[in-house]
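Below: one structure, written as structure tokens.
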Amino acid sequence: MPLIYADTSTLFAYFHPGDSFSETVDAAVAQHSPDFAYWPLLRFELRHNLRRLQSTPHGGVAWRALRAAENTSARLRWQNDLATARVIESAEELSAKHGDDIFCGSGDVLHVAAARRLKLLAEFDEFWTCDDLQAKFARACGLKTRLFK
């Protein structure tokens with residue numbers, strides 16, 4: 001089973017059936033049957049974004065699906081090796097190296113740094129995102145990347 005680092009935009013689309021990328025992400029999941037790397041920063045971002053939409057019809061479904069996946073470890077594989085301090089240090093280095101050439105947000109750089117750490121540990125297959133600039137940044141940092149459009 002491949003281990004995918006899916007950024008927040010991709011995991012949001014996976015759990016939220018009303019997201020514009022939901023169908024394409026779901027099709028990729030059905031085709032590849034991956035596990036997704038999961039760690040505190042990603043969990044916080046995903047929960048924050050889904051929590052804000054709980055009162056909407058799709059938002060409530062998405063929130064319950066996420067909580068069920070967290071409780072059963074379905075598709076979400078916890079990454080103990082992603083120590084936040086190390087990821088931030090790596091993100092700082094990536095920002096210094098590529099940040100002037102490719103503009104993306106600080107959270108995007110953190111996700112790429114986390115995926116690179118997984119790659120170093122030989123536990124990583126691909127980086128998935130719905131964000132053009134983040135995909136460009138990830139590729140510049142040497143990650144095999146899938147961009148959903």
Side-chain angles (χ1 to χ4, degrees), residues 1-17 19 21-22 24-54 59 62-149:
M1 196 171 299
L3 179 63
I4 301 297
Y5 191 104
D7 74 342
T8 308
S9 67
T10 305
L11 284 180
F12 186 92
Y14 176 66
F15 285 104
H16 195 286
D19 187 81
F21 294 101
S22 182
T24 55
V25 170
D26 288 349
V29 169
Q31 181 181 5
H32 300 287
S33 193
D35 280 348
F36 295 114
Y38 206 53
W39 67 295
L41 173 74
L42 187 55
R43 181 183 63 193
F44 166 73
E45 280 189 330
L46 185 58
R47 282 182 175 183
H48 172 74
N49 289 322
L50 288 176
R51 191 178 286 122
R52 293 180 314 138
L53 299 174
Q54 279 186 77
W63 179 256
R64 288 188 299 279
L66 171 65
R67 299 300 289 151
E70 288 177 338
N71 290 332
T72 63
S73 299
R75 294 249 183 261
L76 301 176
R77 193 185 316 168
W78 195 255
Q79 301 301 309
N80 292 320
D81 294 325
L82 291 180
T84 303
R86 287 185 184 154
V87 173
I88 290 173
E89 188 175 298
S90 177
E92 181 70 31
E93 293 169 9
L94 293 177
S95 174
K97 184 173 182 179
H98 299 289
D100 289 341
D101 300 325
I102 304 166
F103 179 77
C104 62
S106 57
D108 296 341
V109 177
L110 285 167
H111 287 299
V112 170
R116 285 188 76 226
R117 176 142 177 83
L118 290 177
K119 182 180 175 186
L120 291 173
L121 299 170
E123 295 180 16
F124 165 84
D125 293 292
E126 196 170 21
F127 184 85
W128 287 7
T129 184
C130 302
D131 181 317
D132 290 322
L133 289 174
Q134 189 175 30
K136 186 176 179 181
F137 192 83
R139 288 182 183 119
C141 294
L143 296 177
K144 181 179 175 187
T145 303
R146 179 170 186 165
L147 173 63
F148 294 94
K149 291 189 173 199

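Nothing here was measured: the structure is a model prediction, and the numbers come from that model.
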Between Glu126 and His32, is any side-chain donor less than 3.5 angstrom from a side-chain acceptor? no

Within this structure, what is the CG-OG1 distance for the pair Asp131 and Thr145, rounded to the nearest 0.5 Å? 11.5 Å

Going from CD1 on Ile4 to CG on Asp125, what distance comes out if it is rounded to the nearest 0.5 angstrom? 5.5 Å

May I ask you to say whether Arg43 pairs ionically with Glu70, meaning some side-chain N is under 4.0 Å from a carboxylate O? no

Are Leu42 and Phe36 close enough that some pair of their side-chain heavy atoms sits under 4.5 Å apart? no

Taking all heavy atoms of Ala114 and all of Leu82, pick out the closest pair and write down the distance. O-CD2, 3.5 Å

When rounded to the nearest 0.5 Å, the distance separating CG of Leu143 from NE2 of His111 is 13.0 Å

Without swapping roles, check the side chain of Arg117 against the backbone of Asp81 for a donor-acceptor pair under 3.5 Å. yes

How many angstroms lie between CG in Leu110 and CH2 in Trp39, if you round to the nearest 0.5 Å? 6.0 Å

Contact check, side chains of His98 and Val112, non-hydrogen atoms, under 4.5 Å: no

With side-chain contact (heavy atoms from CB on, under 4.5 Å) as the test, would you mind laying out the steps for Lys136 and Leu147 before giving the verdict? CA-CA 9 Å; Lys136 186 176 179 181; Leu147 173 63; over 6 Å; no

Assess whether a salt bridge exists between Glu89 and Arg86, defined as any Lys/Arg side-chain N lying under 4.0 Å from an Asp/Glu carboxylate O. no

I need the minimum non-hydrogen distance between Phe124 and Lys119, along with the two atoms involved. CB-N, 3.5 Å

With a 3.5 Å distance limit and no angle check, can you tell me whether Ser9 reaches the backbone of Asp7 through a side-chain donor-acceptor pair? no

Over all atoms of both residues, closest heavy-atom pair of Ile102 and Leu133: CG2-O, 3.8 Å

Heavy-atom count check: over 12 atoms from other residues, nucleotides or ligands less than 6.0 Å from Glu45 CD? yes

I'd like to know if the side chain of Thr10 and the backbone of Trp128 have a donor-acceptor N/O pair within less than 3.5 Å. yes

Which of parallel (below 30°), tilted (30 to 60°) and perpendicular (above 60°) describes Phe127 and Tyr5? parallel

Of the non-hydrogen atoms in Asp19 and Phe21, which two are nearest, and what is the gap between them? OD2-N, 2.9 Å

With distance as the sole test, does Gln134 use its side chain to make a donor-acceptor pair with the main-chain N or O of Asp108 at under 3.5 Å? yes

Rounded distance (nearest 0.5 Å) linking atom OG1 of Thr24 with atom OH of Tyr14: 13.5 Å

Ser22 side chain vs Ala13 backbone, donor-acceptor pair below 3.5 Å: yes

Side chain of Asp35, backbone of Leu3: donor and acceptor closer than 3.5 Å? no

Hey, could you give me the CD1/OG distance between Ile88 and Ser106, rounded to the nearest 0.5 Å? 10.0 Å

Which atom pair, heavy atoms only, marks the closest approach of Leu50 to Ala62? CD2-CB, 3.6 Å

Which heavy atom of Leu76 sits nearest a heavy atom of Ala69, and at what distance? CD1-CB, 3.9 Å

Determine yes or no for a side-chain-to-main-chain donor-acceptor pair under 3.5 angstrom, with Arg116 supplying the side chain and Cys141 the backbone. yes

